[in-house]
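See below for the structure under consideration.
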2 protein chains.
Amino acid sequence: MDVSPLTLNRLSIYLRCLRRLRGEGVCQVSSQQFADRFRLSAAQIRKDLATFGEFGIRGVGYEVEPLLRRITELLGLDQRHALAVVGMGSLGSAFARHIGETRGPFVVAAGFDNDPDKVGRTVGGVLVEPVSAIASTVPERDVRIGIVAVPAAAAQEICDQLVAAGIRSVLNFAPVRLATSEGVRTRNVDLRIYLEELVYYLVSPSRSWASEEA
Amino acid sequence: MDVSPLTLNRLSIYLRCLRRLRGEGVCQVSSQQFADRFRLSAAQIRKDLATFGEFGIRGVGYEVEPLLRRITELLGLDQRHALAVVGMGSLGSAFARHIGETRGPFVVAAGFDNDPDKVGRTVGGVLVEPVSAIASTVPERDVRIGIVAVPAAAAQEICDQLVAAGIRSVLNFAPVRLATSEGVRTRNVDLRIYLEELVYYLVSPSRSWASEEA
DNA sequence: AGATGTGAATGAGTTCACAGCT
DNA sequence: AGCTGTGAACTCATTCACATCT
């Protein structure tokens, strides 16, 4: 089904909130209680959930545990997902370590870099291989998500290699818009853009900004 | 002036594209040429720029160098901005190193952590201080942007301390929605959400998705 | 002629408000 | 009675198309 990234991102948030409620022993929750608790919109929660079917019980609300399970399935988070990180500079290795530290469905299955000093080292539990190994290692370990953490100039070339090796989703930290063939999904994360956004609100003669969501 | 984050983020992108054009020796560019070159929308470029005044020359286009300068000023990137990073785990230190490596208006002026093993070490050129030093160090070094890279459970508490110390913009890596007083801007960057988004498109019986922007 | 700047039209996303179920 | 699910209303953002200027 065709769902907007915005809705999907909210589902991820709901998932976390539900885990927290479960941790507190809450079994049922109405959209209003849920919204109040986590400063969200009740109408939006209902609409988001209704996109995927009828999860709630009218007159009662939603049952925490079943809802949690259904969203988890829906997002595909009940399966393990192998990641390949390309570029083991500060950002790439931090990402690998970060995922390594976190329990969840994501596993860093491969790491690549062209720097001979980095190849052969282990970062976040993963052996760093040369970039030329992408073509063989990615299909071998059934990796379908690639993390691009190389300099801007190299990003497109790396992306092409990843896609050629079977990658279908790319999380891109490089400050360029990647061109991909149909069917390949990319998500850009550009830290400098976020900083620059914040600066504008800092320097511009401000009036009344409430805190805003990502 | 009141400008949406979407517009601001695009301005950041235009800035990079303009730098690239300048590097190639291009002096003038029409919105159409610009859009074709970087796969953007010509109408949107014109509208975005027109938000802030008349930058172009009718019948000709935009002059690269002056436009570059004006956007830089507009976003406040002609001034130095001091950052304080809280949480020197994998993400926080990577961020500090990443900014340290990058030339630009951002400088990591302070780093904080509560782990005694980390306090006293230097990461990305910055001495790590205990969290209790926020109240004195942040105003002392005139820091107005804070980076929250601590675990979710500690994020709100850290954010409050930063705001109390004078921080007015927060880049938050913790997977929680921070509550802030009026006038404080927050921007959430949640890597797991992006991964989860990508997974949905991977597992769901897809049809026709073009590559999409962040 | 040729490109900008901009109101008007379209599209996307959110909120409202209520019918309908438990 | 109370809460979900949802069409309708509304707000925000993008695209179109053209009057305006060089």
Side-chain angles (χ1 to χ4, degrees), chain A residues 1-14 18 21 26-64 66-68 70-71 74 177 197 208-214, chain B residues 1-14 18 21 26-64 66-68 70-71 74 177 197 208-214:
Chain A
M1 209 201 319
D2 201 345
V3 190
S4 89
L6 288 143
T7 305
L8 287 175
N9 291 353
R10 282 195 299 268
L11 286 181
S12 288
I13 291 170
Y14 301 159
L18 287 166
L21 288 179
V26 178
C27 293
Q28 287 186 337
V29 69
S30 75
S31 61
Q32 192 58 60
Q33 292 169 324
F34 197 86
D36 292 346
R37 176 74 168 74
F38 299 103
R39 279 168 306 133
L40 305 166
S41 145
Q44 188 150 66
I45 291 166
R46 291 202 299 278
K47 190 138 253 185
D48 285 339
L49 296 179
T51 310
F52 299 95
E54 307 210 352
F55 294 75
I57 307 158
R58 290 178 195 225
V60 177
Y62 299 87
E63 291 187 75
V64 172
L67 182 57
L68 215 157
R70 294 207 54 186
I71 299 180
L74 215 83
R177 228 191 140 209
E197 178 194 320
S208 60
W209 293 302
S211 235
E212 177 116 357
E213 204 57 13
Chain B
M1 207 202 320
D2 201 346
V3 190
S4 88
L6 289 144
T7 305
L8 288 174
N9 291 351
R10 281 195 300 266
L11 285 181
S12 288
I13 291 169
Y14 300 158
L18 286 167
L21 288 178
V26 178
C27 292
Q28 287 186 337
V29 69
S30 74
S31 60
Q32 192 58 60
Q33 293 169 324
F34 197 86
D36 291 347
R37 174 76 168 72
F38 300 103
R39 278 167 307 132
L40 305 166
S41 144
Q44 188 149 67
I45 290 166
R46 291 202 302 276
K47 190 138 252 185
D48 285 339
L49 295 179
T51 311
F52 299 95
E54 307 211 350
F55 294 76
I57 307 157
R58 290 177 196 228
V60 177
Y62 300 88
E63 290 187 77
V64 171
L67 182 57
L68 214 156
R70 295 206 55 186
I71 299 180
L74 215 83
R177 225 190 143 208
E197 178 194 320
S208 59
W209 294 300
S211 237
E212 178 118 357
E213 203 58 12

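Values in this document were obtained by computation on a predicted structure and should not be read as measured data. Per chain, numbering begins at 1; letters A, B, ... match sequence-line order.
Residue Gln32(B) is out of contact with every strand shown, counting any heavy-atom pair closer than 4.0 Å. Here Leu49(B) lies out of heavy-atom contact (under 4.0 Å) with every strand.
Between Asp2(A) atom CG and dG11(C) atom P there is a gap of 16 Å when expressed in whole angstrom units. Computed from coordinates, the Glu54(A) CD to dG5(D) C1' distance equals 6 Å when rounded to whole Å. Atom-to-atom, CD of Gln33(A) to C1' of dT4(D) comes out at 13 Å; the value is rounded to the nearest Å.
Formation of a donor-acceptor pair under 3.5 Å by the Arg46(A) side chain with backbone atoms of Ser31(A) is not found in this model.
Between Arg46(B) and Arg58(A), it is Arg46(B) whose nearest contact on DNA chain C lies nearer the 5' terminus. Ranked by how close their nearest DNA chain C nucleotide is to the 5' end, Leu6(A) and Ile57(A) are led by Leu6(A). Mapping Thr7(B) and Ala50(A) onto DNA chain D by nearest heavy atom places Ala50(A) closer to the 5' end of the strand.
Side-chain atoms of Phe34(A) and Leu21(A), non-hydrogen and from C-beta on, do get closer than 4.5 Å to each other. Taking the side chain as every heavy atom from C-beta outward, Leu18(A) and Val26(A) never approach each other to under 4.5 Å.
For the pair Arg70(B) and Phe55(B), the cation sits on the ring face: its NZ or CZ lies under 6.0 Å from the ring centre, inside 45° of the axis.
Helix-axis bend for the helix from dA1(C)-dT22(D) to dT22(C)-dA1(D): the local axis fitted to the five terminal pairs at one end deviates from that at the other end by 0°, rounded to 10°.
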Table of protein N/O atoms under 3.5 Å from nucleotides 8-11 of chain D N/O atoms:
from: dA8(D); atom 1: N6; to: Lys47(A); atom 2: NZ; distance (Å): 3.4

